[in-house]
Amino acid sequence: MLQLALLPLQTGGEAANVDSTAVLVGMIIGLIIGVLIAAGAGYWVYKDASKRENNELQWGIGVAATLFLVFPIGILVLVAYVIVRGDETGTEPMQEGGAAGGDW
């Protein structure tokens with residue numbers, strides 16, 4: 001009975017013959033895609049946090065690193081940033097008439 005349970009774990013002959021270059025190319029493509037996703041999300045968080053004056057470097061690097069190293073936790077960190085970031089940006093609307101327009 002134990003032999004039948006372990007049968008799927010055994011590989012033999014032609015089934016174990018996998019083209020190593022195809023595996024290597026697939027890993028490199030996956031790595032490049034992962035770096036691009038992490039860098040893009042980190043850049044977006046950095047730009048958004050700088051508008052809101054929210055420790056932009058820490059948020060950008062934190063989101064990018066967790067997305068690249070541990071993808072599911074990186075998604076949670078990105079969602080946490082969107083929740084914590086707040087609704088107000090640091091830019092204030094310009095008054096009509098310039099800076100001294102309301103003083104006179």
Next on the checklist: Looking at every heavy atom in both L67 and A41, which two are closest together, and how far apart are they?
Outcome noted: CD1-CB, 3.4 Å
Next on the checklist: Working to the nearest 0.5 angstrom, can you tell me the gap between E56 CD and K47 NZ?
Outcome noted: 9.5 Å
Next on the checklist: More than 12 heavy atoms of other residues, nucleotides or ligands under 6.0 Å from CD1 of I73: yes or no?
Outcome noted: no
Checklist entry - How long is the span from the CZ atom in F71 to the OG1 atom in T66, to the nearest 0.5 Å? => result 10.0 Å
Checklist entry - Does one side chain, of N54 or Y81, offer a donor that lies under 3.5 Å from an acceptor on the other? => result no
Next on the checklist: Side-chain heavy atoms nearer than 4.5 Å, only ILVMFWY residues, links allowed to pass through others: does that put V82 and W59 together?
Outcome noted: yes
Checklist entry - Linking I/L/V/M/F/W/Y whenever their side-chain heavy atoms sit closer than 4.5 Å, directly or via other members, would L69 and V35 fall into one cluster? => result yes
Checklist entry - Do V45 and I75 sit in the same hydrophobic cluster, where Ile, Leu, Val, Met, Phe, Trp and Tyr count as joined when their side-chain heavy atoms come under 4.5 Å apart? => result yes
Checklist outcome for this item: On a heavy-atom basis, the closest approach of G42 and A64 is CA-CB, 4.0 Å
Next on the checklist: Can you list everything that forms a side chain to side chain contact (heavy atoms under 4.5 Å, CB included) with I29? Sequence neighbours excluded, please.
Outcome noted: V25, I33
Checklist entry - Is it the case that one hydrophobic cluster holds both L57 and Y43, taking links as side-chain heavy atoms less than 4.5 Å apart, direct or via other members? => result no
Next on the checklist: Quick check: is I28 connected to L36 through a chain of hydrophobic side chains (ILVMFWY, heavy atoms under 4.5 Å apart)?
Outcome noted: yes
Checklist outcome for this item: Rounded to the nearest 0.5 Å, the CG atom of N55 sits from the CD1 atom of I61 at a distance of 11.5 Å
Checklist entry - Does the side chain of L78 come within less than 4.5 Å of W44's, by heavy atoms? => result yes
